[in-house]
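Report on one structure; see the data block that follows.
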Amino acid sequence: MTWLTDFWRSSIGGKVTMAVTGVLLFGFVVAHLLGNLLLLAGPDAINSYAKWLHDKGPLLWVARIGLIAIFLLHIVTAIRLSRANKVARPVAYAKEATMQASMASRSMLWSGLSLLVFVVYHLLHFTFGVTNAEHFAKKAAPSTAAWNGHDVHAMVVASFQVPVIAIAYAAFQLVLFLHLLHGLQSFAQTLGVHHARYTPMIKKLSVLLAAAIAGGNVLLALSVLLGLVKGAA
Amino acid sequence: MRISLHIWRQSKKSTKANFKQDGKMVRYQLDHVSPDMSFLEMLDVLNEQLTKKGEEPVAFDHDCREGVCGSCGVMIDGEAHGPESGTTTCQLHMRSFRDGAEIWVEPWRAAAFPVVKDLVVDRSAFDRVVQSGAFISVNTGAPQDANAIPVPKADADRAFDAATCIGCGACVAACKNASAMLFVGAKVSHFLHLPQGRVEREQRARHLVAAMDQEGFGNCTNQNECEAACPKEIPVRVIAEMNREFVRAKVRQEPVSSKRVGGDG
Ligand code: HEM
Ligand code: SF4
Ligand code: FES
């Protein structure tokens, strides 16, 4: 155990923790998007997907608790490292200059903390049904496969038909894009992957993946807002 | 050329308690600067004027003045060693600035490098890191035939890239997190690619990283500012190598047991 905590406390151990938890969170974000793209395939598709997930019972809880633990570890380590970095530079330069650090790389703590705020809102919205209880309460027809009769499709469509909600979700994807943009290429370097040929490819791939994730989420919100995905009549 | 300088003046050594209030930026003006002067020669001219006026000259570190010793680094307009890439402050010339320029000159800023006076910082943290393991601990005797141990060209080049580090501290100064990972990575990489160095690779990685953390340097966030600032253009590849070496060394570390005598921690 002390071996593990010593590792975590070291500078590189902290970085590796960020990279491993970060990439697991990335994996979640990918799975989350793929599942939600079923929204485009109609009410039955996404409702039976929701039912399938909930039918997993204890397994779903293992996944949820694991995800929360990973998320917390990512945040706690981020805060520890960021504080140590502030302490390491006690006096700022009177004249600051940046030579090649990207904007995304310099705003990781802020994009990350904004993600945290967004995740809390997102859970209150779609998981706990607190912020828009009337959308959460929508019921599917008894004949269709849906978890507890809960109509995920109708809930999401009703929410994203509200322009403020859809636009806020879409705009927020820019923050996720920035975090993943630096996060994905950083991940490779932190875990020791650096190569004259592959590193430039990894950087391009980071842009592509970050854009695909953010773009996919934007697509979902906007396709409802623009009326391409409609609720049941 | 006419040059205006804003220079950090500080008379007492910084300590943890007084890091912030110990000095201030002071403006000076030089009216006859030759574009062929080096940056340090320009400071020499300033110091002559200050001495004539009975003022305290500006303290700055320098030794070789030919870009090999690593002592002359200062922050110039927010850039370590100034605006030219791959160039130390002593090799920077005033022709890199325009006539009438206002130039800001500050010491390296890092908790691990306390300011001693004006632009001079104490970089002994680097020495302690090196003493913790950036060497080969067996006596290798007299030089043997150069080709007795074959080293592939690619490996020799990688080791040499890292070995060109002059320990100037620009990487720490330029890093937004005051991280020393380019410097320490250079030490790891320097030995990693050579057969003599590979023998102690695990304990070296553990000891260097522990010493680096002990000195209070920050943590790399892969922004690569160090690489842009390094006068020897050491690539961030060495940081990836250090990360890999450290994880490998930690994974292979044996628990300290009563049966095992010694052990390197
Ligand atoms: C959807 C949630 C999130 C995902 C997918 C994610 C993903 C990532 C990835 C892949 C990395 C790269 C790791 C590395 O440097 O090697 C990273 C780094 C980081 N994340 Fe997150 N993260 C998320 C949430 C957060 C949150 C809530 C915070 C709040 C503090 C945060 C703060 C950071 C910081 C400070 C770094 C280090 C940046 C650096 O080294 O430059 N992240 N994240
Ligand atoms: S790595 Fe480069 S910037 Fe850092 S101490 Fe060595 S020579 Fe100076
Ligand atoms: S004085 Fe030696 S490197 Fe500049």
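- In plain terms, the two heavy atoms of B:Asn219 and A:Ala84 that are nearest each other are ND2-CB, 3.7 Å.
- Minimum heavy-atom separation, B:Val247 to A:Phe7: CG2-CZ, 4.3 Å.
- A donor-acceptor pair under 3.5 Å links the side-chain atoms of B:Glu106 to the main chain of A:Ala94, judged by distance alone.
- Under 3.5 Å, the side chains of A:Gln100 and B:Glu225 contain no donor-acceptor pair of N or O atoms.
- With rounding to the nearest 0.5 angstrom, the OG atom of B:Ser179 is 7.0 Å from the NZ atom of A:Lys15.
- Both the backbone and the side chain of B:Ala173 come within contact range of chain A, each with at least one heavy atom under 4.5 Å from a heavy atom of that chain.
- Although no hydrogens or angles enter the test, the distance criterion places a donor-acceptor pair under 3.5 Å between the side chain of A:Arg89 and the main chain of B:Cys175.
- At most 12 heavy atoms of other shown residues, nucleotides or ligands fall within 6.0 angstrom of atom NZ in B:Lys24.
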Apply the test side-chain contact (heavy atoms from CB on, under 4.5 Å) to residues A:Ile12 and B:Met181: give CA-CA distance (whole Å), side-chain angles for both, the deciding distance (0.1 Å), then the verdict. CA-CA 9 Å; A:Ile12 296 179; B:Met181 288 199 186; 3.9 Å; yes
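- Nearest heavy-atom pair, A:Pro90 versus B:Ala110, reported as atom, atom and distance to 0.1 Å: CD-C, 4.0 Å.
- Residues B:Thr221 and A:Asn85 have side chains in contact (heavy-atom distance under 4.5 Å, counting atoms from C-beta outward).
- Looking at B:Phe246, only its side chain comes within 4.5 Å of chain A, counting heavy atoms on both sides.
- The residue among A:Arg106, A:Met108, A:Arg9, A:Lys86 with the most heavy atom pairs within less than 4.5 Å of chain B is A:Arg106.
- Near-neighbour residues of residues 231-240 of chain B relative to chain A, defined by a heavy atom under 4.5 Å from a heavy atom of that chain, comprise B:Val236, B:Arg237, B:Ile239, B:Ala240.
- Using a 4.5 Å cut-off between heavy atoms, A:His182 contacts chain B through its side chain alone, with no backbone atom that close.
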Start with the C-alpha distance between B:Gln223 and A:Ser102, add both sets of side-chain angles, then the distance that settles side-chain contact (heavy atoms from CB on, under 4.5 Å), and finish with yes or no. CA-CA 7 Å; B:Gln223 297 182 315; A:Ser102 66; over 6 Å; no
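- Between A:Ala88 and B:Gly216, the shortest heavy-atom contact is CB-O, 3.5 Å.
- The existence of a salt bridge linking B:Arg109 and A:Glu96 is excluded, since no basic side-chain nitrogen approaches an acidic carboxylate oxygen closer than 4.0 Å.
- At least one side-chain heavy atom of A:Thr98 sits less than 4.5 Å from a side-chain heavy atom of B:Lys176.
- Between chain A and the residues B:Glu227, B:Glu215, B:Glu241, B:Glu245, the most heavy-atom pairs under 4.5 angstrom are made by B:Glu227.
- The shortest distance between side-chain heavy atoms of B:Glu102 and A:Lys95 does not fall below 4.5 Å.
- More than 12 heavy atoms of other residues, nucleotides or ligands lie within 6.0 Å of CZ in B:Arg27, so this atom counts as buried by the packing criterion.
- Side-chain N/O atoms of B:Asp213 and A:Ser11 include a donor and acceptor closer than 3.5 Å.
- Within 6.0 Å of CH2 on A:Trp3 lie more than 12 heavy atoms contributed by other residues, nucleotides or ligands.
- The residue among A:Thr190, A:Val193, A:Leu191 with the most heavy atom pairs within less than 4.5 Å of chain B is A:Thr190.
- Checking side-chain atoms of A:Tyr93 against main-chain N and O of B:Asp77 turns up no donor-acceptor pair under 3.5 Å.
- Other residues, nucleotides and ligands place no more than 12 heavy atoms under 6.0 Å from the CE atom of A:Met103.
- Judged by distance alone, the side chains of A:Ser105 and B:Asn222 never bring a donor and an acceptor atom under 3.5 Å apart.
- Contact record, B:Glu79 with A:Ala97: CG-CB, 4.0 Å, taken as the closest heavy-atom pair.
- You'll find the side chain of A:His194 stays beyond 4.5 Å of the side chain of B:Asn243, heavy atoms only.
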